Asks: 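The structure that follows is given in the form of C-alpha cells.
Note that the structure is a prediction, hence the values are computed from the model and not measured.
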Number of protein chains: 2
Amino acid sequence: MTALAPISTKDRILDAAELLFANDGFEATSLRAITAEAGVNLASVNYHFQSKDALLHAVVARRAGPINQRRIEALQQLEEKLRNEPIPIDELLEAFFRPVTECNVLVPRMMVRFHYLEARETFRAIYETHFKPVANRFAPALRKALPHLKPEEAFLRMQFTMGAFAQLAAGSGTMEVVSEGRMHAPTREEALRQLIQFTAAGFRAPSLGAGL
Amino acid sequence: MTALAPISTKDRILDAAELLFANDGFEATSLRAITAEAGVNLASVNYHFQSKDALLHAVVARRAGPINQRRIEALQQLEEKLRNEPIPIDELLEAFFRPVTECNVLVPRMMVRFHYLEARETFRAIYETHFKPVANRFAPALRKALPHLKPEEAFLRMQFTMGAFAQLAAGSGTMEVVSEGRMHAPTREEALRQLIQFTAAGFRAPSLGAGL
DNA sequence: GTCTATAGTCGGATAGAC
DNA sequence: GTCTATCCGACTATAGAC
C-alpha cells in the first residue's frame, strides 16, 4: 500500500531537498534545483512551505523525530535492564548512533552539515529543537559511564565522537576515492561497529588529569 | 619590521576571505562581504585573483604550504630518531596535528569545511593538491604503527580521527554554548593533548577481525 | 493546488577612467 | 593598482490566472 501510494508534491519536494542539501549544502542548493529534481513547479515550494528556511526545518523535522524517539527508547531499555548500574559506554554509543545509521544514508550526512558546519542562525534553531533535548537525555548516563573523566574531558570526548561519526556520515565513497580503489567501503553495520570500537576505546582512555 | 609593514590589498583580501570562508562557508560568503570586511574595492578581488574560486585556492595555499612542511619535518625527525622502529601512534598524531593547531585558529576551521563537507569540484582539487601528498607521506609510518589493524580498519580509524579533529576545529565556543556556560573551553594545547589521548586509544583498540 | 509570469534583489565579473 | 559604473545572470519570493 505504501509502495503504491502516490507521492505527494510536498513529499517529492522534501525528498529532493534532502538529497540536494545533503550533497551540496544549503547555500549551494537553489529552490530551482530542488523543484527540477523533484519534477514539480518552482512556485510549489513557497506554497507548501513558506520559505527556503522553513523548507529546511521541515526536511530536518521529518527525520529527526523518529530517530530521536528510537534513541530514547533504546536508552530506556538499557536503563531498565541495568537498574542503576552504569551503562557500558559502548552500549550507550550504540543506542545513540544505531538509530541514525539505520535510516536513509542522506540523513546523517545532512544532519552533520547542519549540526556542525553551517553557521547560519537557522541551524542554531534546528540544533536547539532537534538535538539538544536528546543530548540532555543522554548526558546523565554518559556521566555515570565515565566516572574517571572530568566533566570537561567527557564533554570534549563526546565532541570527538560526534566528529568521528560526522566524518563517517559525510563521506560518500571517501574510502574508494582516497585509496584509489584499493579498498572497499564498509557496510553500514561494519562502519557502526568500527565507530563504536574506536570511540569507546577513546572514552575509556585515562583522564589527562591536571591541565584541563 | 613585519609588524610595521603595511598590509597590501592582496593580503587584506586573503585575510578577510579566510575569516569569512571559515565562519560562514564558501557559498554563503559573497565577494562584496569580503571586500567590505577588508576595506578594499570590490573590483580589486578580480584584479588580484581572477575569480572567487581562484581566491579560495589562494587562501588555502597560503596556509597549507607551511603547515604541511612542518608536518613532514616532524615526521622526518621521528623517523630519524627511531630508525626503522615503528613510531608510536601518539607521536605520529602529534606530528600531524600540532602544526595545524599552532597556526591561526581560522585555518583548521576552514580546512575542515573544505576537506570534508563542501562538495564542489574546487574542493576536490584543493584536496588533491594540498592534502593528499601529506597523507601519502604519513601512510607507511601509520601502517607500521598499527600492525594489529587491517588496512581498511586503519583507514577507517584515520577517518574517525580526522573527524574528531574537524569537530574540534569547527567548533568555536561549542563547549560554552552547549553546556550553557557551565564549562570553559580548553586551551589549544589542552585540546590537542585530549585529541591525541582519545584517538591514540581508538587506534590501539583491538581489530574487529572478521567482517571488515 | 498548480501553473505562468514577473517583481525585486543580489551575486560574480568586467569595462574603462584615473 | 585602484576606482566607478554597469552588465547580466541567478536567486527567492509573490501575484494572479486557471
Asks: Near DNA chain D, under 4.0 Å by heavy atom, which residues of residues 11-18 of chain B?
Replies: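 Nucleic-acid contacts, sorted: none.
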
Asks: Rounded off to whole Å, could you give me the CG-to-P distance for the A:D24 and D:dC11 pair?
Replies: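 After rounding, the gap between these two atoms is 12 Å.
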
Asks: Between A:L31 (CG) and C:dC10 (C1'), how many Å, whole number?
Replies: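 Spelled out: CG on A:L31 to C1' on C:dC10 is 15 Å.
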
Asks: Any salt bridge linking B:E152 with A:R182? Criterion: basic side-chain nitrogen under 4.0 Å from a carboxylate oxygen.
Replies: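 Salt bridge flag = no for A:R182 with B:E152.
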
Asks: Using a cut-off of under 3.5 Å, enumerate the N/O to N/O pairs linking the protein to nucleotides 5-7 of chain D.
Replies:
none

Asks: Which residues pass the side chain to side chain donor-acceptor pair (under 3.5 Å) test with A:D90, sequence neighbours left out?
Replies: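 Expected list: none.
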
Asks: Rounded off to whole Å, could you give me the CZ-to-P distance for the A:F49 and C:dG1 pair?
Replies: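 Result: 12 Å.
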
Asks: Taking only residues two or more places apart in sequence or in another chain, which ones pass side chain to side chain donor-acceptor pair (under 3.5 Å) with A:R137?
Replies: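 In terms of side chain to side chain donor-acceptor pair (under 3.5 Å), with neighbours along the sequence ignored, A:R137 is linked to A:E79.
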
Asks: May I have the distance from A:N46 (atom CG) to C:dC3 (atom C1'), rounded to whole angstrom?
Replies: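 Atom CG in A:N46 sits about 14 Å away from atom C1' in C:dC3.
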
Asks: Please enumerate all residues that pass side chain to side chain donor-acceptor pair (under 3.5 Å) together with B:R62, with sequence neighbours excluded.
Replies: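 Residues passing side chain to side chain donor-acceptor pair (under 3.5 Å) with B:R62: B:D15, B:E18.
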
Asks: How many whole angstroms separate atom NE2 of B:H48 from atom P of C:dA13?
Replies: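 To the nearest whole Å, that distance equals 16 Å.
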
Asks: Rounding to a whole Å, what distance do you find between B:K10:NZ and D:dT2:P?
Replies: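 In whole Å, D:dT2 P and B:K10 NZ are 11 Å from each other.
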
Asks: Which part of the nucleic acid does A:T29 contact within heavy-atom distance under 4.0 Å: base, sugar-phosphate only, or nothing?
Replies: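 Sugar-phosphate contact only.
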
Asks: Decide, yes or no, whether a salt bridge links B:E189 with B:R98 under the criterion of side-chain N to carboxylate O below 4.0 Å.
Replies: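 Salt bridge between B:E189 and B:R98, a charged N being under 4.0 Å from a carboxylate O: yes.
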
Asks: Determine the contact category for B:S30: base if any of its heavy atoms lies under 4.0 Å from a base atom, sugar-phosphate if only primed atoms, P, OP1 or OP2 are that close, otherwise nothing.
Replies: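 Sugar-phosphate only.
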
Asks: Just so I know, are the side chains of B:F165 and B:T101 near enough to count as touching, which here means a heavy-atom distance under 4.5 Å?
Replies: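 The answer is yes, as the side chains (C-beta and beyond) meet within the 4.5 Å cut-off.
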
Asks: Grab the CG-P distance between B:D53 and C:dG11 for me, whole Å please.
Replies: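 Atom CG in B:D53 sits about 17 Å away from atom P in C:dG11.
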
Asks: Might you work through the side-chain contact (heavy atoms from CB on, under 4.5 Å) test for A:F138 and A:M158, ending with a clear yes or no?
Replies: CA-CA 11 Å; A:F138 272 75; A:M158 194 63 214; over 6 Å; no

Asks: Please tabulate, for side-chain N and O atoms in residues 43-50 of chain B, each donor-acceptor pair with protein atoms closer than 3.5 Å (sequence neighbours left out).
Replies:
unit_1	atom_1	unit_2	atom_2	d
B:S44	OG	B:N41	O	2.4

Asks: I need the CD1-P distance between A:I34 and D:dC11, as an integer number of Å.
Replies: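 After rounding, the gap between these two atoms is 11 Å.
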
Asks: Under 4.0 Å between a side-chain N/O of B:T9 and OP1 or OP2 of D:dT2, yes or no?
Replies: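 True: B:T9 side-chain N/O within range (under 4.0 Å) of D:dT2 OP1/OP2.
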
Asks: What pair of heavy atoms forms the shortest contact from B:A154 to B:L146, and how long is it?
Replies: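 Answer, listing the atom of B:A154 first, then B:L146: CB-CD1, 4.2 Å.
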
